[in-house]
Amino acid sequence: ININGNMVAKGYWNLILSIRDCSMYAKFGMKPNRHWKITDVKKYFGIKGSAEQVHEQLVQIKEMLQG
């Protein structure tokens, strides 16, 4: 997938979108679409916890990959 002229893996793209979606869900209770489930995000990334904890863990994963 091409992001700003750089090729990135599909997993990284999913991470970026999951951070956005979990942030929206944790802060405002909004789902990105009616079929979205936070349990799907948890299963995909192998993490556990509440919506806020999932968001924090996803951000930590992103920081670890960038660092």
Side-chain angles (χ1 to χ4, degrees):
I1 297 175
N2 188 344
I3 301 176
N4 295 331
N6 298 320
M7 296 301 291
V8 296
K10 183 179 176 184
Y12 190 74
W13 176 254
N14 287 339
L15 176 64
I16 293 169
L17 295 182
S18 295
I19 290 172
R20 179 202 63 191
D21 296 344
C22 287
S23 174
M24 214 170 41
Y25 185 70
K27 292 180 183 176
F28 308 111
M30 290 175 54
K31 290 175 144 187
N33 63 61
R34 66 181 177 164
H35 302 292
W36 185 86
K37 295 180 184 176
I38 194 149
T39 54
D40 294 336
V41 175
K42 291 178 184 182
K43 286 180 187 177
Y44 185 85
F45 292 100
I47 54 180
K48 297 180 181 179
S50 66
E52 294 84 8
Q53 291 172 339
V54 169
H55 177 259
E56 290 173 10
Q57 291 174 22
L58 292 174
V59 170
Q60 289 175 355
I61 291 171
K62 182 181 175 196
E63 289 173 354
M64 184 177 64
L65 290 173
Q66 288 177 340

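Note: hydrogens, waters and symmetry copies are ignored here, and every other heavy atom, side chains too, is used. Everything numeric in this text was worked out from a predicted model, so none of it was measured.
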Inset, instruction - Locate the shortest heavy-atom distance separating Y44 from G11; write the atom from each residue and the value. - result: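 That would be OH-CA, 3.7 Å.
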Inset, instruction - Grab the two heavy atoms, one from D21 and one from P32, that are nearest each other, plus how far apart they are. - result: CG-CG, 3.4 Å
Legend entry - Straight-line distance of H55 NE2 to Q60 CD, nearest 0.5 Å: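 Atom-to-atom, H55:NE2 and Q60:CD are 11.0 Å apart.
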Legend entry - Separation between CD1 of I1 and CE of M7, rounded to the nearest 0.5 Å: 8.0 Å
Legend entry - Any residue meeting side chain to side chain donor-acceptor pair (under 3.5 Å) with D40, in chain and number order, not counting sequence neighbours: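 Expected list: none.
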Inset, instruction - Please identify each residue that fulfils side chain to side chain donor-acceptor pair (under 3.5 Å) with E56, with sequence neighbours left out. - result: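 None.
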Inset, instruction - Start with the C-alpha gap between F45 and L15, add the side-chain angles, then the distance that decides, and say whether side-chain contact (heavy atoms from CB on, under 4.5 Å) holds. - result: CA-CA 8 Å; F45 292 100; L15 176 64; 3.9 Å; yes
Kindly say whether [Y] contributes a backbone atom to a donor-acceptor pair with the side chain of [X] at under 3.5 angstrom?
X	Y	result
S23	I19	no
Q53	S50	yes
K48	K42	no

Shared hydrophobic cluster, [X] / [Y] (ILVMFWY, side-chain heavy atoms < 4.5 Å):
X	Y	value
L17	Y25	yes
I3	L65	yes
V41	M30	no
W13	M24	no
I47	I38	yes

Legend entry - Residue pairs fulfilling side-chain hydrogen bond (donor to acceptor under 3.5 Å, both in side chains) with at least one residue in residues 30-39, sequence neighbours excluded: none
Legend entry - Donor + acceptor pair across side chains of Y12, Q66 (<3.5 Å): yes
